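As the structure is a prediction and not an experimental result, all values here were calculated from the model. Remember, it's 1-based here, ligands and their atoms both numbered in the order they're listed. Side-chain atoms are counted along with the backbone in the values below, which use heavy atoms only and exclude waters and symmetry mates.
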Amino acid sequence: MAMAQLRVIFDLDDTLYPERDYAIGGFLSAAAWARETLGVTVRVERMTALLDEGYLGQLFPIVLKEANPNHCADDLKGFMRAYQAQRPVLKLFEDAAVALQSMVGGYSMGLITDGNARSQAAKVEALAIASHFSHIIYTGALGEKRAFHKPHPLSFELMEAALGREGDRFVYIGDNVSKDFVAPNGRGWSSILIDRPETRQTRIHRQQKVAEGGAPQVTLENMTLLVDVLRQL
Ligand SMILES: [Mg+2]
């Protein structure tokens, strides 16, 4: 009988790479579209400042209105579409790159990530990490309107079905205490929060509260000691 294994499943945004970099890339793409198509100037610095103040989707109408108070609804749609259509250029967190590299071959790994499935797949491609994972689940592809985004348990059930055999254990590694750990905790997985001090002010979902049942079992400041921690699970 094969030995029971530990399956290591990761979140993507702000766990493996800084999501702020993706947002800024999208701002550049949207600003270029506004300049070329609408003939208006939207400043990327202004969008980034709003992002850092905690605005997410709401910043698009704000900056477009500042650039042109008379813009129409289609302008806003095109502006946001240009954000989505960016071709991302991204880099893994250094500690994540080292950890993933050291785990390839030794661990069976997976990825569960929320968001528009095409955008998330473009991020995976930009980071060149698809080959590290035995199975990738884009929750946005499971149903409409974020129905199966975390904390919904479906993606975790599907991951168990895809990778798990009798006796296997699972661990989920994420950054967002409001949604990442509810389902894995509930299904008997281990849960590890990566809370990098240098990104505490810039993480996209930094203002979230800990969900009921969603407290991580282990908190690490980066992935440098991840493999040692996994050995003790
Ligand atoms: Mg995340």
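Side-chain atoms of D114 and T139 form a donor-acceptor pair, as typed in the model, at a separation below 3.5 Å. Looking at S119 and Q84, their side chains do bring a donor and an acceptor atom within 3.5 Å of each other.
By the 4.0 Å N-to-carboxylate-O rule, E160 lies too far from R165 to be salt-bridged with it. Between K150 and D180, at least one side-chain nitrogen of the basic residue sits less than 4.0 Å from a carboxylate oxygen of the acidic one, meeting the salt-bridge criterion.
Residue contact annotation: D114 places no N/O/S atom under 2.8 Å from the Mg ion (ligand 1). The Mg ion (ligand 1) lies under 2.8 Å from an N, O or S atom belonging to D11. Residue side and main chain included, D180 places no N/O/S atom under 2.8 Å of the Mg ion (ligand 1).
Aromatic ring centres of Y83 and F60: separated by under 6.0 Å.
D13 contributes atom O as its closest N/O/S atom to the Mg ion (ligand 1). The atom of D175 that is an N, O or S and sits closest to the Mg ion (ligand 1) is OD1.
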